[in-house]
Amino acid sequence: MTKTKMPPAFSRLWTAATVSSLGDGAYSAALPLLAVLLDSDPLVVSLVTVAVLAPYPVAGLFAGALVDRWDRRRTMWIADLARAVLLALTVAVGAFGWLSIPVLLAVAFLLGTGTLFFDTAAQAYLPDLLARDQTLLRRANGYLRGASTAAGQFTGPPVGSFLFAVGRTLPFAVNALTYAASAVLIRTLPPAPVPKREPGRSVWADAKEGFAYVVKDRLLLGLALRPAVGNLAFGAFGAVLVVFAKDALGLHSAGYGFLLAAEAAGGLAGAMVLAGPLEKRLGTGTALTVTAVVEGGAVLAFGLARDPWLAGAMFALCGCAMATTMVLGGSLRQVVVPARLMGRVAAASRLVAASAAPAGAVLGGWLAATAGVRVPYVAAAGVLVSMTLVTMSMTSNKKIEEALARAKAVAPVA
């Protein structure tokens with residue numbers, strides 16, 4: 001029988017995610033500010049941001065393989081505790097005046113590694129907690145993404161900037177406390193079974209199996225390609241967004257903040273309000289196609305807009321469509337992928353998606369420099385719509401219904 005209510009344990013998971021997202025938002029605002037204080041070279045500052053994301057392409061597949069070997073709940077709270085300790089040590093290093101760019105690079109990379117393991121384990125743990133129920137998973141992912149947006153994008157960054165003004169390592173101390181609180185909450189969650197595996201297999205063999213599973217399954221490949229192409233497009237125009245806001249829309253710092261807030265507001269609406277009704281009315285596959293087309297259209301309208309209010313509305317619409325896509329696609333993946341492969345498939349899908357963003361940023365910068373600041377948006381819209389045409393058959397309602405039927409057929413009887 002399909003469950004209609006979230007288990008009580010989910011509220012603790014949601015609270016842990018909200019608390020840690022608040023700390024992440026504060027940290028994300030403080031990290032570049034601290035880097036600028038230590039070295040004003042833009043390239044050096046950008047390397048600190050890159051260091052946070054570097055673990056995904058470097059170790060993503062291995063992390064997925066390890067998560068599929070370990071207790072996922074334990075992996076989550078240990079990752080939280082490790083990040084709390086690391087940030088506490090960073091505060092101590094700052095108190096002694098030993099902070100430097102190399103230290104900050106190491107801290108950023110290690111924090112990114114902790115986030116990699118936590119996120120991969122969380123994506124693998126949630127289907128077990130919710131008995132792989134698609135409706136509950138969609139609602140849960142909507143709540144979690146909504147919490148991440150509200151705490152990590154709306155509240156955390158201004159709090160982090162304020163705390164940084166009070167004391168440059170204070171945001172790091174606050175984030176350490178949020179990770180510690182999250183670890184305590186996650187420690188109380190019910191355990192999930194550790195998937196069985198073949199004895200004697202290497203981690204590399206497990207990692208390759210997860211990647212091959214995504215590439216060979218047309219539905220999973222389509223679900224992975226959508227965010228990958230999205231990241232390519234959004235990387236392209238995100239790299240020049242601040243220049244576009246200033247030169248094309250006549251906005252300064254406050255107006256630029258308005259654009260970011262508009263996107264976050266749209267994302268919150270998409271994750272928590274729109275995803276469910278759209279899936280129910282159109283089916284998951286058609287809903288994914290519609291949101292992809294809307295993304296492309298919104299990006300094009302944004303890039304051609306001359307009125308800041310219209311641009312803000314289009315950016316909000318884009319954020320709404322993006323969040324809806326992520327909630328629906330991620331929830332579907334958690335239902336159709338076998339439990340023993342969930343960590344590896346999540347990591348492989350994240351790797352495909354994350355690897356496209358840097359290429360998009362380089363492409364966007366080059367297009368803006370050679371053809372004008374509006375061109376990256378026109379190109380991004382074209383890429384989004386073109387990929388929608390390629391993947392719509394891969395993620396059609398029929399394909400999804402067949403995958404759900406297969407998953408139901410092999411699911412263990414409760």
Side-chain angles (χ1 to χ4, degrees), residues 16-55 79-115 118 147-183 238-239 241-243 245-246 251-265 267-268 361:
T18 304
V19 168
S20 61
S21 290
L22 179 63
D24 285 343
Y27 165 81
S28 67
L31 181 63
L33 293 174
L34 181 56
V36 167
L37 274 183
L38 297 173
D39 193 320
S40 59
D41 186 333
L43 177 59
V44 172
V45 174
S46 68
L47 287 177
V48 175
T49 303
V50 170
V52 179
L53 302 174
D80 263 344
L81 190 60
R83 288 185 289 177
V85 171
L86 176 63
L87 286 171
L89 290 174
T90 304
V91 173
V93 168
F96 285 101
W98 296 339
L99 279 176
S100 64
I101 289 296
V103 169
L104 211 56
L105 286 170
V107 169
F109 182 82
L110 291 173
L111 278 177
T113 302
T115 302
F118 180 92
S148 175
T149 300
Q153 292 181 245
F154 278 126
T155 309
V159 168
S161 299
F162 171 77
L163 292 175
F164 186 84
V166 176
R168 64 181 189 174
T169 59
L170 190 55
F172 301 86
V174 170
N175 201 10
L177 292 175
T178 62
Y179 282 142
S182 177
L241 180 60
V242 66
V243 178
K246 179 177 178 293
L251 298 174
H252 297 291
S253 56
Y256 178 66
F258 160 76
L259 285 180
L260 298 181
E263 182 194 15
L268 192 62

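All values below come from the heavy atoms of this structure, side chains included, with hydrogens, waters and symmetry mates left out.
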* To do: Please determine which of L111, L105, L31 meets the side chain to side chain contact (heavy atoms under 4.5 Å, CB included) test together with V52.
  => L31
* Partners meeting side-chain contact (heavy atoms from CB on, under 4.5 Å) with L163 (sequence neighbours left out) -> V159, L170, P171, V174
* Closest heavy-atom pair and its distance - P55, F109 -> CG-O, 3.4 Å
* Asked: Between the main-chain N or O of T178 and the side-chain N or O of S182, is there a donor-acceptor pair closer than 3.5 Å?
  -> no
* Any chance you could lay out the side-chain hydrogen bond (donor to acceptor under 3.5 Å, both in side chains) test for S21 and D24, step after step, and finish with the verdict? => CA-CA 5 Å; S21 290; D24 285 343; 5.1 Å; no
* To do: List the steps and the verdict of side-chain contact (heavy atoms from CB on, under 4.5 Å) for F164 and L34.
  => CA-CA 8 Å; F164 186 84; L34 181 56; 3.9 Å; yes
Output a table of donor-acceptor pairs, distance under 3.5 Å, between side-chain atoms of residues 82-96 and any protein atom two or more places apart or on a different chain; print 'none' if there are none.
| from | atom 1 | to | atom 2 | distance (Å) |
| --- | --- | --- | --- | --- |
| R83 | NE | A79 | O | 3.4 |
| R83 | NH1 | T115 | OG1 | 2.9 |
| R83 | NH1 | Y179 | OH | 3.4 |
| R83 | NH2 | D80 | OD1 | 2.6 |
| T90 | OG1 | L86 | O | 2.9 |

* Structure fact -> CG (L99) and CG (L37) are apart, to the nearest 0.5 Å, by 10.5 Å
* To do: Measure the spacing between CG of L177 and OG of S20 and express it to the nearest 0.5 Å.
  => 13.0 Å
* Asked: Taking T149 for the side chain and A265 for the main chain, is one N or O donor matched with an acceptor at less than 3.5 Å?
  -> no
